[in-house]
Amino acid sequence: MSGEAKQHRRTIRAPRGPERSCRGWIQEAALRMLHNNLDPEVAERPEDLVVYGGTGKAARSWEAFDVIARELRDLADDETLLIQSGKAVGRFRTHPDAPRVLLANSNLVGRWATWEEFRRLEGLGLIMYGQMTAGSWIYIGSQGIVQGTYETFVAARKAHEARVPSREGRWLLTAGLGGMGGAQPLAATMAGMACLGIEIDPTRIEKRLRTRYIDERIDDLDRALAAVEESARSGKPRSIAMCANAADVFPELVRRGITPDLVTEQTAAHDPLIGYIPPGLSLDEAAALRARDPQEYVARAKQGMRIEVEAMLEMKARGAEVFDYGNNIRTCAQEAGCERAFDIHGFVPAYIRDLFCQGKGPFRWVALSGDPEDIRATDQAVLEAMPHDTDLHRWIEKAQQHIAFQGLPSRICWLGYGDRARVGLAFNELVRTGKVKAPIVIGRDHLDCGSVASPFRETEAMKDGSDAIADWALLNALVNTAAGASWVSFHHGGGVGIGNSLHAGMVVVADGTEAAARRLERVLTSDPGMGIIRHADAGYETAIQVAEDKGVHVPHRS
Ligand code: NAD
């Protein structure tokens, strides 16, 4: 815990209910979502303002947090607050349809976009790592990633089934059970598989047990393997967490000749100084080395990643479906000498890109009332708006059964172009007619179809080689601003670390008014539309076809 953290042991929790302390519901929504990001049920290390993803923060310091909250309470309906790396820096008169908040987090000019420079500036108190939804105030706990993880695991399982059809039950090996990674065991069991998750920090395992994301902790490898194999064989999916270092367990499985069906990992490898514990060190020893000799720490962390990735490569050679799950571990392993690290494919080109071509991506919403019944009402509205989508119906049912809310009640599902606007308008009607008790916040991850440039993840191996072109992410932020999103953010380094990605986020509030309906229709059309035009421009047939079918204007193709 940092020195500042010790002074700030207060518990942050979003206000609830139909009364607001801000001058408008959009400002109130931003205030509640900022608080919600730091709710101890939601955030990984709230005392340090860290929400998830290594060091992804909601505000630069506690002083900055207090000033943002004060500014939001005072913000008029025709003003826009500017946030620079987690600190309020200005406020201008704009107009009621403009975003109430614009946020820029962690951005650096290309040549200076390194962790070293970032940390130097962070040390001076000038910049903050915003990850994706931490600095843009729309994190909803591990649920935020469950459906994406579920979709990914189902696609990976099908790929394995196509190659190895004879096997009965299947199991997944993974590592890292933090803010995002903690969703993996639940997504695996929802996808009908057993799961063994290796996590070095026992407090993270406890949190996942508490929130029902994991079924059981077994630290003895023989017993853990027996439990997983029994679960796979009996067809009763169970998830087992084992407290150990992945760089020890993965190669040990190779030595024993044990090959899982699916293999991935989600330690916070994108940040080798903070996010990966080198093998041979306890958590306390790692913290001491990090403070004493950061260079040595990074070298040892990358060596650990090399060992782990080499084991993954061997499992791939033995028939496992192995994939990188978006944390840049391949780059770090390669830097440490694993030349074939990129023989492991990334999850986006392998399983997700086709959805992006259809403008599909994560769509999340939060009930500002704090009442879980309001999420029930929105679930029902989604099912009624999408009567023929059986996968979606199954997902909502599973989510209702298995997902415990963290902080303000929320939901996520993947929706495409046209459907997002339809559902957004349905939510606005629920608010207008009093069927929910307060407005609904609608947002998404930056990991979406048309909002990211990330050559090791969302834009890996693009058909036209445009992986590193970030114009698309900027255009996404600009068009959402023009369309009237409630807050819009532009970040650097999310998911895969500083120097490796640029991405945009948006949130739009359904407050039941006609003005909100117009904004929702515009934003929830142009935002997924960006995914279609981005992929049509890159030459993907599906995107070109979807643009044609749905009337998305692509100038060079009309
Ligand atoms: P986090 O910091 O909350 O959790 C990382 C976890 O890894 C921690 O619990 C840590 O104890 C554990 N860990 C570190 N080294 C380990 C080791 N050697 N062995 C076993 N466990 C170890 O991060 P998070 O929010 O869970 O994110 C994980 C990664 O996924 C990050 O790199 C993030 O950028 C990336 N990410 C991916 C997606 C996606 O859709 N694929 C989305 C968001 C984030």
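All ligand and atom numbering here is 1-based and tracks the order in the structure. In what follows, every heavy atom counts, from backbone to side chain, and hydrogens, waters and symmetry copies are set aside.
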- prompt: Is ligand 1 under 4.0 Å from a heavy atom in the side chain of T149, in the backbone, in both, or in neither?
  reply: neither
message: Under 6.0 Å between ring centres: does that hold for F323 and F347?
response: no
query: Which of the listed options, G54, A134, G275, holds the heavy atom that is closest to atom 14 (C) of ligand 1?
result: G275
Point-to-point distance, once rounded to the nearest 0.5 Å, from CD1 of I277 to CZ of R290: 5.0 Å
- line: Note: R457, heavy atoms under 4.0 Å from ligand 1, region reported as side chain
field: Minimum-distance protein heavy atom relative to atom 35 (C) of ligand 1
entry: G326 O, 3.7 Å
task: Assign the ring pair Y351 / H345 to parallel, tilted or perpendicular, where the plane angle (0 to 90°) is split at 30° and 60°.
output: perpendicular
task: Assess the pair W395 and Y150: is the distance between their ring centroids shorter than 6.0 Å?
output: yes
query: What protein heavy atom is closest to atom 39 (C) of ligand 1, reported as residue, atom name and distance in Å?
result: Q266 NE2, 3.6 Å
Short side-chain to backbone donor-acceptor contact, E265 and Y325, under 3.5 Å: no
- request: Could you see which bit of M180 sits under 4.0 Å from ligand 1, with heavy atoms only: side chain, backbone, both or neither?
  value: both
message: Taking distance alone, with N or O pairs closer than 3.5 Å, would you say L447 contacts ligand 1?
response: no
field: Proximity of A246 to ligand 1 by residue part, where a heavy atom lies under 4.0 Å
entry: both
field: Distance filter under 4.0 Å to G181 heavy atoms, resulting ligand 1 atoms
entry: 26 (O)
- prompt: In terms of side-chain heavy atoms, does S136 have a donor or acceptor partner in H446 at a distance below 3.5 Å?
  reply: yes
field: Protein heavy atom at shortest distance from atom 41 (N) of ligand 1
entry: Y325 O, 2.8 Å
query: Less than 6.0 Å separating the ring centroids of H270 and Y129?
result: yes
query: Which of the numbered atoms in ligand 1 are below 4.0 angstrom from a heavy atom of H270?
result: 31 (C), 32 (O), 33 (C), 34 (O)
query: Out of E44, E199, Q131, who gets a non-hydrogen atom closest to atom 12 (C) of ligand 1?
result: E199
message: Out of all atoms in ligand 1, which are within 4.0 Å of some heavy atom of D201? Include the element for each.
response: 11 (O)
- prompt: How far is atom 5 (C) of ligand 1 from its nearest protein heavy atom, and which residue and atom is that?
  reply: A268 N, 3.6 Å
message: Return the closest protein heavy atom for atom 29 (C) of ligand 1 as residue, atom name and distance.
response: T267 O, 3.3 Å
message: Within the 4.0 Å heavy-atom shell around I198, which atoms of ligand 1 are there?
response: 20 (C), 21 (N)
- request: Ignoring hydrogens and angles, tell me if any N or O in the side chain of T149 forms a donor-acceptor pair with the backbone of A187 under 3.5 Å.
  value: no
message: Determine whether the aromatic ring centres of residues Y276 and Y297 are separated by less than 6.0 angstrom.
response: no
message: Would A175 count as a contact residue for ligand 1, given that I'm defining contact as a non-hydrogen atom of the residue lying under 4.0 Å from a ligand atom?
response: no
message: Among all the protein's non-hydrogen atoms, which is closest to atom 25 (O) of ligand 1, and how far away is it?
response: G53 N, 2.8 Å
query: Is it true that A244 lies under 4.0 Å from ligand 1, counting heavy atoms only?
result: yes
- prompt: Out of curiosity, D419 CG to L524 CG, how far, rounded to the nearest 0.5 Å?
  reply: 11.0 Å
- prompt: Any cation-pi pair here, R208 with Y213, using under 6.0 Å and within 45°?
  reply: no
- prompt: For atom 34 (O) of ligand 1, what is the nearest protein heavy atom, given as residue, atom name and distance?
  reply: G495 O, 2.6 Å
Under 3.5 Å side-chain donor-acceptor pair for Q303 and R300: no
task: Give the residue, atom name and distance (to 0.1 Å) of the protein heavy atom nearest atom 15 (N) of ligand 1.
output: I277 N, 2.9 Å
- prompt: Which residues pass the salt bridge (charged side-chain N to carboxylate O under 4.0 Å, His left out) test with D467, sequence neighbours left out?
  reply: none
- prompt: Residues in ring-ring contact (aromatic ring centres under 6.0 Å, His included) with H160, at least two apart?
  reply: none
task: Looking only at distances, please establish whether an N/O atom of ligand 1 is found under 3.5 Å from an N/O atom of G179.
output: yes
- request: Please work out whether any backbone atom (N, CA, C, O) or any side-chain heavy atom from C-beta onward of P278 is under 4.0 Å from ligand 1, and answer side chain, backbone, both or neither.
  value: neither
